[in-house]
There are 2 protein chains.
Amino acid sequence: MNQSGQKSEAILDAALPVFVRHGFRKTSMADIARAARMSRAALYLSFSSKEELFRAGSARAHARAMRKVEAALAGDGDVFSRIETAIAAFQRELVAPFAGSGDAAELFETNMALARDVTLAARAELVALLAQALTNAQATGAITLDALRATPADVAAIIVAAMEGIKDAQVAGHDLLEDTRLFLRLLRKALSR
Amino acid sequence: MNQSGQKSEAILDAALPVFVRHGFRKTSMADIARAARMSRAALYLSFSSKEELFRAGSARAHARAMRKVEAALAGDGDVFSRIETAIAAFQRELVAPFAGSGDAAELFETNMALARDVTLAARAELVALLAQALTNAQATGAITLDALRATPADVAAIIVAAMEGIKDAQVAGHDLLEDTRLFLRLLRKALSR
DNA sequence: GACGATTAGACAATATTCGTCTATCTGTCT
DNA sequence: AGACAGATAGACGAATATTGTCTAATCGTC
């Protein structure tokens, strides 16, 4: 990685806990500069605006999350446990860090406003990866979708949609891990032959 | 308590965690109003400004703390354990709630700027109460101050000054409880006959 | 309906923040 | 030494946010 890239990484590392602590709106560039131990002007050498800085942070988090998801789906175990691990990784990277924030809702909202494309792309890739895993499992006879009259892509989309809903409910007080595990038990039962 | 007093109490209850979370500067009256589930205008029915609201909160916290301190000094045990309990109560009421705030330094600074009188008065009362306890202990022969060539008031002032220093060190990363206990062991040793 | 408390919303006066710019400083390279 | 790139403090106008005040409308209780 080049020097400016390293600097950008350091800035994002410093900015994340500040955003988590105060939310996007209440976080000023001065706050981020202080956390990154550099001048406010230096931030603008790496990012052209507070919004672009946030976008870069979101993009990096999504890229990291997708690498973890790919690793999980390529791992050991049956298709359900691989999916469970993948989803856990996705949530650990993109939901859990903000869950205790108090401004979690504002941060997710800001993310959809400023980094909608990145977010939707990652979500689409997650659907595609899950669909591929389900297709493989179907080919080996590990699962059956016949009774559901659904394609692997349909099921993958439902899984991701449910994760989104569970994330939102968690902001409203529900327990993320518990709700996720319940949904995956439900999935296992529905797809077992 | 009258109705407006109850309303004020409810506002301060709601405002405290907001101040702890975001510090004084980053907390807006809109934030407090939202936390107290009332309109921003209603806050001004109870308090004439954000600064006065903070002052009232500080005054209430100090009053509560002093009640706990008096109860502790009137309790059981030898003079050292009563003093230890009293100081623990003082810190639990006035330091610990802000210790994890990240903006703890800013809050203490704001407190000295806006509620200096209340704070100094409470500190003075704490010194007086400790001095009285030491005087009584001296009269019963439980402690001796002869070798120190100091009055009870002198020793009480030193104790409170040390507590302040330990509080400041704690903001800088030291452990409040541990440092306090060490100081009190030191005190016990120095005053035992 | 009368009454007091509360609200949403508008308002001017401040205060804060953003993004930009300049002058200055600090290393590094030659 | 001088040239150079990166960083800094500080100032700046413009855009936003916040404060404290006010009014008109609403709510709940008598």
Side-chain angles (χ1 to χ4, degrees), chain A residues 1-58 101-103 105-107 109-111 113-115, chain B residues 1-58 101-103 105-107 109-111 113-115:
Chain A
M1 180 176 303
N2 58 37
Q3 291 138 335
S4 77
Q6 283 179 21
K7 185 59 82 177
S8 296
E9 293 291 312
I11 292 172
L12 296 183
D13 288 339
L16 177 60
V18 185
F19 280 132
V20 166
R21 179 157 197 79
H22 294 301
F24 179 79
R25 197 175 114 71
K26 273 191 187 298
T27 295
S28 70
M29 291 297 264
D31 293 333
I32 296 172
R34 198 178 316 118
R37 301 169 168 279
M38 65 181 64
S39 70
R40 199 169 62 86
L43 296 180
Y44 288 93
L45 299 179
S46 295
F47 302 100
S48 68
S49 72
K50 180 178 163 186
E51 298 196 352
E52 200 212 291
L53 191 157
F54 185 93
R55 273 180 57 83
S58 180
S101 166
D103 301 280
E106 188 237 336
L107 283 168
E109 194 178 341
T110 301
N111 180 65
L114 302 183
Chain B
M1 180 176 303
N2 57 38
Q3 291 138 336
S4 76
Q6 284 178 21
K7 185 59 81 177
S8 296
E9 293 291 311
I11 291 172
L12 296 182
D13 288 338
L16 177 60
V18 185
F19 280 133
V20 167
R21 178 157 200 79
H22 294 301
F24 179 78
R25 191 168 164 288
K26 273 190 186 296
T27 295
S28 70
M29 292 296 266
D31 292 333
I32 297 172
R34 197 176 318 117
R37 302 170 167 280
M38 64 182 64
S39 71
R40 199 168 63 86
L43 296 180
Y44 288 94
L45 298 178
S46 295
F47 302 101
S48 67
S49 72
K50 181 179 163 186
E51 298 196 352
E52 200 211 292
L53 191 156
F54 185 92
R55 273 180 58 84
S58 180
S101 165
D103 300 279
E106 187 236 333
L107 284 167
E109 194 179 341
T110 301
N111 180 65
L114 302 183

Handout entry: Within-4.5 Å side-chain heavy-atom neighbours: A:M29 and A:Y44
Key = yes
Completion exercise
Contacts of B:D103 meeting salt bridge (Lys or Arg N to Asp or Glu O under 4.0 Å) (sequence neighbours excluded), chain-then-number -> none
Practice task
Could you state the atom-to-atom distance from NZ of A:K7 to P of D:dT8 in whole Å?
Solution key: 7 Å
Exercise for the section: Look only at the side chain of A:K7 and the backbone of A:S46, and say whether a donor-acceptor pair between them is shorter than 3.5 Å. Expected result: no
Handout entry: Sidechain-backbone polar pair: A:T27 side chain, A:H22 backbone, donor-acceptor under 3.5 Å
Key = no
Exercise for the section: Using whole Å, report how far CD of A:E52 lies from P of C:dT20. Expected result: 11 Å
Problem - Main-chain N/O of B:L114 paired with B:R55 side-chain donor or acceptor, under 3.5 Å - result: yes
Problem - A:R37 CZ to D:dT8 P, straight-line distance once rounded to whole Å - result: 12 Å
Practice task
Report the distance from atom CG of A:L43 to atom C1' of C:dT20, rounded to the nearest whole Å.
Solution key: 14 Å
Exercise for the section: Could you tell me the separation between the CZ atom of A:F54 and the P atom of C:dC18, rounded to a whole number of Å? Expected result: 14 Å
Problem - Distance, rounded to the nearest Å, where B:R34 contributes CZ and C:dA8 contributes C1' - result: 15 Å
Protein-nucleic acid N or O pairs under 3.5 Å, nucleotides 17-21 of chain D:
unit_1, atom_1, unit_2, atom_2, d
D:dT18, OP1, A:R25, NH2, 3.2
D:dT18, OP2, A:R25, NH2, 2.6
D:dT19, OP1, B:M29, N, 3.1
D:dT19, OP2, B:M29, N, 3.0
D:dG20, OP2, B:Y44, OH, 2.8
D:dG20, OP2, B:K50, N, 3.1
D:dG20, N7, B:R40, NH1, 2.9
D:dG20, O6, B:R40, NH2, 2.9

Practice task
For the helix from C:dG1-D:dC30 to C:dT30-D:dA1, figure out the bend between the end axes, five pairs an end, and round to 10 degrees.
Solution key: 40°
Handout entry: Separation of D:dT26 C1' from B:M38 CE (nearest whole Å)
Key = 17 Å
Exercise for the section: State whether B:R21 and B:D31 are salt-bridged, where the test is any N-O pair (Lys NZ or Arg NE/NH1/NH2 against Asp/Glu carboxylate O) under 4.0 Å. Expected result: no
Exercise for the section: For atom CD of B:E52, decide whether the heavy atoms of other residues, nucleotides or ligands shown that lie under 6.0 angstrom number more than 12. Expected result: yes
Handout entry: Heavy-atom closest pair, residues A:M38 and A:L43
Key = SD-CD2, 3.9 Å
Problem - Donor-acceptor under 3.5 Å (B:S58 side chain, B:F54 main chain) - result: no
Completion exercise
Atom CZ of A:F47 and atom P of D:dA7 are separated, to the nearest Å, by 12 Å
